[in-house]
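Before any comments, here is the structure.
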Amino acid sequence: MPELPEVENVGRALLANLQGRRLTGLKVSFAGVLDPSAAAVRRRLVGARLEGLHRRGKYLILHFAHDDGRPAYLMLHLRMTGQIFILDGYVPDKHVHLVMDFEGLPVHYRDIRKFGRLSLVEDGYEPAAMAHIGPDMLTVPARQWLERIVRRRGPIKACLLDQGIASGLGNIYVDESLFLARVHPLARPCDLEEAELREVLRRAKQVLRLALRHGGTTFMNFTNFQGKPGNFRRKLRVYGRAGQPCRDCGASLEKITVAGRGTVYCPRCQPDPS
DNA sequence: AAGATTACCTGAAGGC
DNA sequence: TGCCTTCAGGTAATCT
């Protein structure tokens, strides 16, 4: 499940391998992953060079430019199971839906569940299609984040998953952040002290940076562009560990449902808010 | 109007 | 070549 650190890794790989290269071909075998049609995307992008790239939350926006300077942008979201492979001798299977050719270097897009999207956008790194997406979780100033969350009455876990408040956290890193901050997933931001909220943000940034350094978390499907799994899984404190002992206090970790998501927490380290 | 639910997909896992 | 149900979760759309 790609969240901010996994998406950042993908972005770095794309930049490192493709910056300055020209897109020379585009093959699409499942049209649903591309918006609009392959023909329309080809018309805008083939012949353009990859100039740069921007990430906000779990979105990547690739900036292409034609020789006359005319810009074009491709917005990418991997959703649940999207993967990019840039790998010598990679053999596509039935889940590879799109191949971009960069002057002989093939870039494969694979997506088992077909939730991911590559979308042509015309309005740069801050497109209207992302107007409802909040600031990036890794860089949002504490003051701005507090303003956006402090009056919320829903469970803090739902707020952290809400990409409109701040973007980048998914189910894994939300549970990890709340555990490190010693905050119960059902606690309401409007009931918490400012210091507790600040601690949640501090821990979220910490866990994202740490996961990034370890190449992301491979739980189900994530691998990097060369097909290697991330190493952060063995660092997880609560996610995927329901019924196992808390690494800090030994209590049995509990599993509940919050905002429709499986949620693991320590009943002793993260005391019930009520 | 924020919060909750469902649709979109496939594969893994478990019960029988 | 076992069948069926449940679960996994990011986001948009649709409810209440």
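Source: prediction; values computed, not measured. These values consider heavy atoms only, across backbone and side chains, with no hydrogens, waters or symmetry-generated copies. Proteins get letters first, then strands, A, B, ... in listed order; numbering begins at 1 in each.
- Remark: C1' of dG11(B) and CZ of Arg110(A) are 11 Å apart, rounded to the nearest angstrom.
- The salt bridge (Lys or Arg N to Asp or Glu O under 4.0 Å) pairs that include a residue from residues 243-263 of chain A are Arg182(A)-Asp248(A), Arg237(A)-Asp248(A), where partners are two or more places apart or lie in different chains.
- Rounded to an integer number of Å, the gap from Lys114(A) NZ to dG11(B) C1' is 13 Å.
- Only the P atoms considered, dC3(C) is 24 Å distant from dC9(B), to the nearest whole Å.
- For the atom pair Leu26(A) CG and Tyr109(A) OH, the distance stands at 13.5 Å (nearest 0.5 Å).
- With P as the reference atom, dG9(C) and dG14(B) are 16 Å apart, rounded to whole Å.
- Counting only residues at least two apart or in different chains, ring-ring contact (aromatic ring centres under 6.0 Å, His included) contacts with residues 246-270 of chain A comprise His184(A)-Tyr265(A).
- Remark: P of dC8(B) and NE2 of His97(A) are 17 Å apart, rounded to the nearest angstrom.
- Distance Ile149(A) CD1 to dA2(B) C1': 14 Å, rounded to the nearest Å.
- The phosphate of dG11(B) has OP1 or OP2 within less than 4.0 Å of a side-chain N or O from His95(A).
- Under the ring-ring contact (aromatic ring centres under 6.0 Å, His included) criterion, His66(A) pairs with no residue, sequence neighbours left out.
- Residues passing the ring-ring contact (aromatic ring centres under 6.0 Å, His included) test with Tyr90(A) are Phe85(A), His108(A), sequence neighbours excluded.
- Remark: Asp67(A) engages Arg22(A), Arg49(A) in a side chain to side chain contact (heavy atoms under 4.5 Å, CB included) (not counting sequence neighbours).
- The side chain to side chain donor-acceptor pair (under 3.5 Å) search around Arg143(A) returns none, not counting sequence neighbours.
- The interatomic distance linking Ile112(A) (CD1) with dA8(C) (C1') rounds to 12 Å, in whole Å.
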If you write DNA chain C from 5' to 3' in dot-bracket form, with Watson-Crick or G-U pairs under 3.5 Å, [ ] for crossing pairs and | for pairs with another strand, what do you get? .|||||||.|||||||
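- Residues passing the ring-ring contact (aromatic ring centres under 6.0 Å, His included) test with Tyr59(A) are His77(A), sequence neighbours excluded.
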Does the protein touch nucleotides 9-16 of chain C at the base, only the backbone, or not at all? Give it as B, S and - per nucleotide, heavy atoms under 4.0 Å. BBBS----
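- In this structure, His63(A) and Tyr73(A) have parallel ring planes: the angle between them is below the 30° cut-off, well short of the 60° mark.
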